[in-house]
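Here is the structure we will look at.
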Amino acid sequence: MSKQIRNIAIIAHVDHGKTTMVDQLLRQSGTFAEHEKIVDTVMDNNAIERERGITILAKNCAVSWEGTHINIVDTPGHADFGGEVERALSMVDGVVLLIDAQEGPMPQTRFVTKKALALGLKPIVVVNKVDKPGANPDKVVNAAFDLFDKLGANDEQLDFPVVYASGINGWTSMDEGAPGEQWGPDMSALFNTVLKHVKPNSGDPAAPLQLQISALDFSTFVGRIGVGRISQGTIKPNMDVVVMEGPDGSTIKGRVNQVLTFQGLDRVQVTEAGPGDIVLINGIADLNIGVTVTDPITPTPLPMLKVDEPTLTMNFCVNTSPLAGREGKYVTSRQIWDRLQKELQHNVALRVKETDEDGIFEVAGRGELHLTILLENMRREGYELAVSKPRVLFRDINGDRHEPIELVTADIEENHQGGVMQALGERKGELVNMEPDGRGRVRLEYRIPARGLIGFTNEFLNLTRGSGLISNIFDGYEPHKGEIGGRKNGVLISMDDGEIFTYALGKLDDRGRMFVKANDPVYEGMIVGIHSRDNDLVVNATRTKQLTNFRVSGKEDAIKITPPIDLTLEYGVEFIEDDELVEITPKSVRLRKRFLKESERKRNK
C-alpha cells in the first residue's frame, strides 16, 4: 500500500480552459496509446456538454507521472452547477486554479476559490492562455493574490506557486518568457508542481475504513455505483461494511461487490485500495451522496456533505394543452414525479416537493441554467411537460423579507455601456466597480437582486449586439429591494385551434414578431408572437384567403413575411410572465397562456 497518490480538482470560471487542460495532461502522461484516436475535450462526454461546449457534471480521471498516481477531477465552471463543485472538492487534497491571462479572476473563480480555501486546500495558480494577444500574466497573479486575501486565505494558502500555461498548445512553464514564444517544453512544470505542493493523504491503512461517497453512477449490470475517496483504512471486494448518514444518522449493513479505481479514463478492478485512493464501489443498493461507508465493528462516520441551498424555483406541471400526448412518451404526473426523484439521487443542489394542486411539482435549483439543463435532459428522454416562470426563493430573517442578491460581471464594448447600465439600473442593480481595459472594452461589476436577472440575458445580447459577456454568482441575502418591472411587450394569442396559414401570417406581420411558421399546429390560448405594443392581443392565426372567381395578378398579392424567432427552451423560460407556461415536448417548445379560454383569463384577472 505504499503507492504514491495525489488528488487534485481543476477549478476555474467557465471558458478559462479546464477541460482542454485535462486533455493535455491525459495525452502527455502516456494515457492514450499511440494508435488511439483522441477527440478534443474528451472529458465532456455528455451530448449536451458537447453541443454547448460547457462542463455540467464533475468527472474523474487519473494519470501516472514519475510513479505517482494523480487523480484529477474536472469541475463545471457555471455557478448553477455549484453543487457539483462542492461535491468534487470533498474528494481532493489540492486544487489547481486556472485563470485566463487576459480576463483575470472572474465571479466564478471567486465562488469556487472561497469553497476551496474554507476546506483548507492549498491552491496552485495556473495562468492559462498566456499566448493570447491581450494577456497580462503579472496583473492576473496580483489580482489572484488580492482575491485570496479578500476571501480570508491563511499565510500558507497565500504563498501559492504560479505556473504559466497554454493549455491548447500543451506547454507549461514556471518562468515568464517573451511574448509570442513557447515558454516551456511540455506539461511537466505543472505535473512537478502538483507533486511538490499537494500533500499526499496521511490516513492509516490499518485504521477502521472511512469512505465518503461524493458522486453516484449507475450500471444496468451491477446497479448503483458510489464514487468517493478513502480517508483511512483499506477496502477489498466482498467485504462487509455499514453505510451511515453522518454521526447521528441511520445505518444500513451491506457488502461491497467490486472495487475499481480510475486509470486514464478507464475503470480498473483492484484487489484492495487504501487511504487517498478515489474508488468506485458497487453491490450496495442504498448508497447516497454524502454517506460514509465504514467498518461494521468500529464505525467512524464522517459528517454529511454540506451544499448551498437553491435560490430559484419553478413549477413543473403535467401538459394540459390540446396537443398533449402527441409527441412525448412519458406524460403523466406519476412518470414526471418518478423522473424527478431519480434526478435527486445525484443532483445534490436540487429540491423537489409536491404542491396542493394535482400534477404540479415545485422544483428548486441554483439558477435558470441548472433547471433548463434538467428540462433539456427530460425532453430528450421522451418526457412532455409544462413549466412556469422561475421565481426566486425569499427568506424571513428577523421578521423581514430578504431576497437573494447576485454579483454580476459584464464585459462589454464602451459604446454599449450606457444602454447596459440603464437596463441594470432599472432592475435595481448597484454599480460596484467599473474597469476599462484600455482597448475599447469595459468591465462592469454590479450587485443586483436575482429577480432582476430573470429574462435579462436576451436583452443584454440585444443591447451589446451579441459582443457582450455576462456572468453572475450568488452573493448572499439582503432586504427586499422593491418592485421590478416585467416584460415591456404584450403577446399575440391564437383565438382558434387549427393550422397556421401563410395568408394569416402575412396579415399579422405588422403586429409584431412571430414564434410560429406556416403549417405549425396552434390552439386557442397559444402564444404565437410578440406584440409590438404593451398589451396582449387575441388574433386569428388560422385565417385563410377567400377564393373567388376573379383573376388577380400574383405580383401585388405576393406575401412577404419576416422570419420567425427561433424559440429555444431557455428563451421561452426567460420570456414568459406569471400567467404563462412553456410547453415542452421532445420535438417542440411552445408558449401558452395558463388559462386557454379568453373568458377564463378575464375571470382570473
Side-chain angles (χ1 to χ4, degrees), residues 45-52 56-57 80-81 83 216-221 223-225 285 288-289 310 312-366 368-391 497 515 520-523 525-527 567-574 576 580-596:
N45 50 14
N46 168 323
I48 299 180
E49 292 181 323
R50 288 212 160 279
E51 283 165 30
R52 298 178 182 228
I56 295 168
L57 301 166
D80 288 31
F81 309 118
L216 291 178
D217 203 348
F218 187 80
S219 153
T220 46
F221 296 105
R224 196 178 287 196
I225 300 169
N288 283 311
I289 285 172
L312 267 192
T313 176
M314 278 165 95
N315 286 353
F316 284 33
C317 329
V318 171
N319 187 11
T320 55
S321 87
L323 301 176
R326 291 193 189 181
E327 295 171 356
K329 200 161 52 167
Y330 310 110
V331 294
T332 64
S333 63
R334 180 55 44 212
Q335 287 166 328
I336 294 169
W337 175 254
D338 289 346
R339 174 65 181 82
L340 291 171
Q341 291 303 310
K342 188 177 148 198
E343 185 71 22
L344 281 175
Q345 291 175 1
H346 59 85
N347 198 335
V348 289
L350 203 70
R351 303 281 180 274
V352 178
K353 65 179 184 190
E354 294 184 87
T355 60
D356 301 337
E357 295 177 71
D358 273 353
I360 299 181
F361 310 114
E362 202 173 281
V363 181
R366 284 282 180 88
E368 280 175 60
L369 190 64
H370 187 198
L371 295 168
T372 51
I373 293 282
L374 168 61
L375 288 167
E376 182 65 44
N377 277 319
M378 285 176 73
R379 70 181 280 218
R380 289 181 184 208
E381 291 164 21
Y383 286 83
E384 191 172 298
L385 67 163
V387 297
S388 70
K389 180 181 175 163
R391 309 177 302 281
D497 298 6
F515 290 135
D520 279 357
V522 291
Y523 51 83
M526 180 171 152
I527 296 170
L567 191 56
T568 60
L569 178 57
E570 280 86 2
Y571 183 92
V573 167
E574 287 200 340
I576 56 172
E580 295 160 2
L581 298 171
V582 183
E583 179 188 342
I584 299 161
T585 75
K587 294 179 184 167
S588 331
V589 176
R590 303 184 190 98
L591 305 183
R592 52 165 280 193
K593 285 289 182 184
R594 192 172 293 237
F595 300 101
L596 297 177

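The side-chain hydrogen bond (donor to acceptor under 3.5 Å, both in side chains) search around R224 returns N288, Q345, not counting sequence neighbours. For F595, there are no ring-ring contact (aromatic ring centres under 6.0 Å, His included) partners, not counting sequence neighbours. Applying the side-chain contact (heavy atoms from CB on, under 4.5 Å) criterion to R594, with sequence neighbours excluded, gives S388, L581. Scanning for salt bridge (Lys or Arg N to Asp or Glu O under 4.0 Å) contacts around E368 gives an empty result, with sequence neighbours left out. In this structure, the side-chain hydrogen bond (donor to acceptor under 3.5 Å, both in side chains) partners of E574, at least two apart in sequence or on a different chain, are T457, N458. Considering only residues two or more places apart in sequence or on other chains, Y523 meets the ring-ring contact (aromatic ring centres under 6.0 Å, His included) condition with none of them. Every residue two or more places apart in sequence or in another chain that forms a side-chain contact (heavy atoms from CB on, under 4.5 Å) with T568 is listed here: D566, E570, Y571. By the side-chain contact (heavy atoms from CB on, under 4.5 Å) test, E343 pairs with R339, H346, N347, L350, L374, sequence neighbours left out. For D497, there are no salt bridge (Lys or Arg N to Asp or Glu O under 4.0 Å) partners at least two apart in sequence or on another chain. Partners of D338 by side-chain contact (heavy atoms from CB on, under 4.5 Å), not counting sequence neighbours, listed by chain and number: R334.
Between H370 and G365, the shortest heavy-atom distance links the atoms ND1-CA, 3.6 Å. Here the closest heavy-atom approach between residue G382 and residue P586 is recorded as CA-CG, 3.7 Å. Nearest heavy-atom pair across V387 and L375 is CG1-CD2, 3.6 Å.
Taken from CG in L569 to CD1 in I584, the straight-line distance is 4.5 Å, to the nearest 0.5 Å. Here Q335 contributes atom CD and L340 contributes atom CG; the two are 12.0 Å apart, rounded to the nearest 0.5 Å. Distance check: D217 CG to I225 CD1 gives 5.0 Å after rounding to the nearest 0.5 Å. Rounding to the nearest 0.5 Å places CD of E376 at 10.5 Å from CD of E381.
Looking at V352 and W337, their side chains come closer than 4.5 Å, going by heavy atoms from C-beta outward.
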In a table with atom names and distances, give each donor-acceptor pair under 3.5 Å that connects a side chain of residues 312-328 to protein atoms at least two apart or in another chain.
unit_1, atom_1, unit_2, atom_2, d
T313, OG1, V363, O, 3.4
N315, OD1, R391, NH2, 3.3
N319, OD1, S321, N, 3.3
N319, ND2, E384, OE2, 3.1
N319, ND2, E583, OE2, 3.2
T320, OG1, R592, NH1, 3.1
S321, OG, L323, N, 3.2
S321, OG, E583, OE1, 3.3
S321, OG, E583, OE2, 3.0
E327, OE1, T585, OG1, 2.3
E327, OE1, S588, OG, 2.9
E327, OE2, S588, OG, 3.1
E327, OE2, R590, NH2, 3.4

Residues 353-360 side chain polar contacts: donor-acceptor under 3.5 Å, at least two apart:
unit_1, atom_1, unit_2, atom_2, d
T355, OG1, E357, O, 3.4
T355, OG1, I360, O, 2.6

